[in-house]
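Throughout, a chain's letter reflects where its sequence line sits, starting with A, and its residues are numbered from 1. Note that the coordinates shown come from a computational prediction; the quantities given were computed from them, not determined experimentally.
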Amino acid sequence: MISSLRGMNDILEENYERFTHFINTATNIAQKYGFHFIETPLLEETALFKRSVGESSDIVGKEMYQFIDKGENDVCLRPEGTAGVVRAFIQKKLDKAGGTHRYFYHGSMFRYERPQKGRLRQFHQFGVESFGVESVYEDAAMIMMAADILLACGIGYRLQLNSLGDSNCMPPYKENLVNFVTKLEDKICEDCVRRVATNPIRVLDCKNSTCQDLYATAPKLINNLCSTCQDDFDKLKKILDANSIAYEINTNLVRGLDYYSKTAFEFVSDDIGSQSAIAGGGRYDRLVEFLDGRPTPAVGFAMGIERLMELIQMPEVKREGYYIGAMDDEAVDLVMNLAHKKRQTDKTTIDYKAKNLKNHLKGADKANARFCCVIGTDELENGTIWIKDLEEKIENKIPIMEF
RNA sequence: GUGGGAUUAGCUCAGUUGGUUAGAGCACUGGUUUGUGGUGCCGGGGGUCACGGGUUCGAGCCCCGCAUCCCACCCCA
């Protein structure tokens, strides 16, 4: 038997119901916020991700499905969605057109990681990206949209917030931190030594308690923001307060992708194990420029659909449509004919075998039909059909012509 | 990538110190004497015990390998 590749799952049956329910709910809400659907290719030039996500990130450094195609192009399966959307935005010259452009997308992402619960090699994200709005109100709207989607799906969460600063305050802070940590280099753990070289801010997040003690007096970015960043961060908190969105400040929250600046946020669930981030995003004002576009402010977030799936509260399934069965072999052809007619307007289930009434009622239950319709000898003779409303428990016979 | 655990029917799991034809519940399917369901009763199908080796007279059970999933690290959605 050939089975699917490691970390790559099929989505079917009950999982498909959950999956589509989420997509429909999220799509609906994104549209209410004025976002439009965008679809970008799964395969992109490798350079796109190296330049956007950043070569220092784990995603690009060791998790990409990268290969040389038959035309000798260096390509890879997208590990995240933002880079492709930004590329499309620039390619369509919307950066030069000006104005605001808001998109949402959903689809497969690929990362060559060791799978565990909530971490797959092919997984699905729902994401949104907003271009051209510098105002921090847009950051707040993003967070509110994500919160609305989670709420609509009945998913509980904790919202963590941080500011990563901008090109004014981040570089000097980073230098400051590197100096601080470098002095401790012989005392900190191996991972931290590596982090100093790749993504220094991550050391603050280290789980090693020795490291944590050493970093207690480390400079915090949140105390070193420039006035613009500080004002925006304060304003963001005010907007969220005014709209009853609860949050906690996590000064160690660092997005793993290099392109983020200023607002960074993460929605976390305590009910799905160690892979607890269910949505994450933030502002990325410099990314369009990095990818050769005209400087354009932007903000976005992405949600991990598989992680949300088991948290989604599914709406109660209601009885729907018709079930039609025959109690006599001679009636089967007629049943088939009626079903074809009924299917033009309603969901209709049909049993091809003649059975007694009890079994048809059982079948109608199993199909979760609202109406159980049966044709037996009596009905054949009189040209009628027996119909029972399984919810209201009302039954009657009507002429077949009126069915 | 590192360390640990698990793997028996479609699903959730039993399976004794290694010993005959490997079990249960649920699900599926059929019947239930006269046309009333979701919740009665009786029956039926379904397993290369993940896979590959080894030890043994004999392996679901012991040993080695491998795959997948799970947990932690790491990372992130």
Self-check item: Counterpart residues, ring-ring contact (aromatic ring centres under 6.0 Å, His included), relative to A/Phe37 (two or more places apart)
Solution: A/Phe104, A/His106
Residues from [range] sitting under 4.0 Å of RNA chain B, heavy atoms only?
range                       : value
residues 117-127 of chain A : A/Lys117, A/Gly118, A/Arg119, A/Leu120, A/Phe123, A/Gln125
residues 17-29 of chain A   : none
residues 269-288 of chain A : A/Ser274, A/Gln275, A/Ala277, A/Ile278, A/Ala279, A/Gly280

Quiz item: Starting at the 5' end of RNA chain B, what dot-bracket string do you get if Watson-Crick and G-U pairs under 3.5 Å are bracketed, crossing pairs use [ ], other-strand pairs use | and unpaired bases use dots?
Solution: (((((((..((((.....[...)))).(((((.......)))))......((((..]....)))).)))))))....
Exercise. Please name all residues satisfying side chain to side chain donor-acceptor pair (under 3.5 Å) with A/Asn15, sequence neighbours left out, ordered by chain then number.
Key: none
Quiz item: With sequence neighbours left out, what residues match A/Gln230 under side chain to side chain donor-acceptor pair (under 3.5 Å)?
Solution: A/Asp234
Would you be so kind as to tabulate the donor-acceptor pairs closer than 3.5 Å made by side chains of residues 325-339 of chain A, with sequence neighbours excluded?
| from | atom 1 | to | atom 2 | distance (Å) |
| --- | --- | --- | --- | --- |
| A/Asp328 | OD2 | A/Thr377 | N | 3.3 |
| A/Asp328 | OD2 | A/Thr377 | OG1 | 3.4 |

Exercise. Mind telling me whether A/His101 and A/Tyr103 have parallel, tilted or perpendicular rings, with 30° and 60° as the class edges?
Key: parallel
Quiz item: Do A/Lys262 and A/Asp232 come within less than 4.5 Å of each other through their side chains, counting heavy atoms only?
Solution: yes
Find every protein N or O atom lying less than 3.5 Å from an N or O atom of nucleotides 2-9 of chain B, and list the pairs.
| from | atom 1 | to | atom 2 | distance (Å) |
| --- | --- | --- | --- | --- |
| B/U2 | O4 | A/Arg114 | NH1 | 2.9 |
| B/G3 | O6 | A/Arg114 | NH2 | 2.9 |

Which pairs would a plain distance check flag for residues 292-299 of chain A, meaning a side-chain donor or acceptor within less than 3.5 Å of a matching protein atom at least two apart in sequence or in another chain?
| from | atom 1 | to | atom 2 | distance (Å) |
| --- | --- | --- | --- | --- |
| A/Asp292 | OD1 | A/Arg51 | NH2 | 2.9 |
| A/Asp292 | OD2 | A/Arg51 | NH2 | 2.8 |
| A/Thr296 | OG1 | A/Arg294 | O | 2.6 |

Quiz item: Does A/Lys347 count as lying over the ring of A/Tyr322, i.e. NZ or CZ under 6.0 Å from the six-ring centre, within 45 degrees of the axis?
Solution: no
Practice problem: Determine the sole option in A/Leu311, A/Thr27, A/Leu308 for which the side-chain contact (heavy atoms from CB on, under 4.5 Å) test with A/Phe22 is passed. | Solution: A/Leu308
Restricting to nitrogen or oxygen on both sides, can you table the protein-nucleotides 44-52 of chain B pairs closer than 3.5 Å?
none

Quiz item: Which part of the nucleic acid, if any, lies within contact of A/Gly7, taking any heavy atom under 4.0 Å across all strands shown: a base, the sugar-phosphate backbone alone, or nothing?
Solution: sugar-phosphate
Practice problem: Tell me which of A/Ser3 and A/Lys353 sits closer to the 5' end of RNA chain B, going by the nucleotide each one is nearest to. | Solution: A/Lys353
Practice problem: For each nucleotide in nucleotides 33-41 of chain B, reading 5' to 3', give B when a protein heavy atom comes within less than 4.0 Å of its base, S when such contact involves only the sugar-phosphate, and - otherwise. | Solution: --BBBB-B-
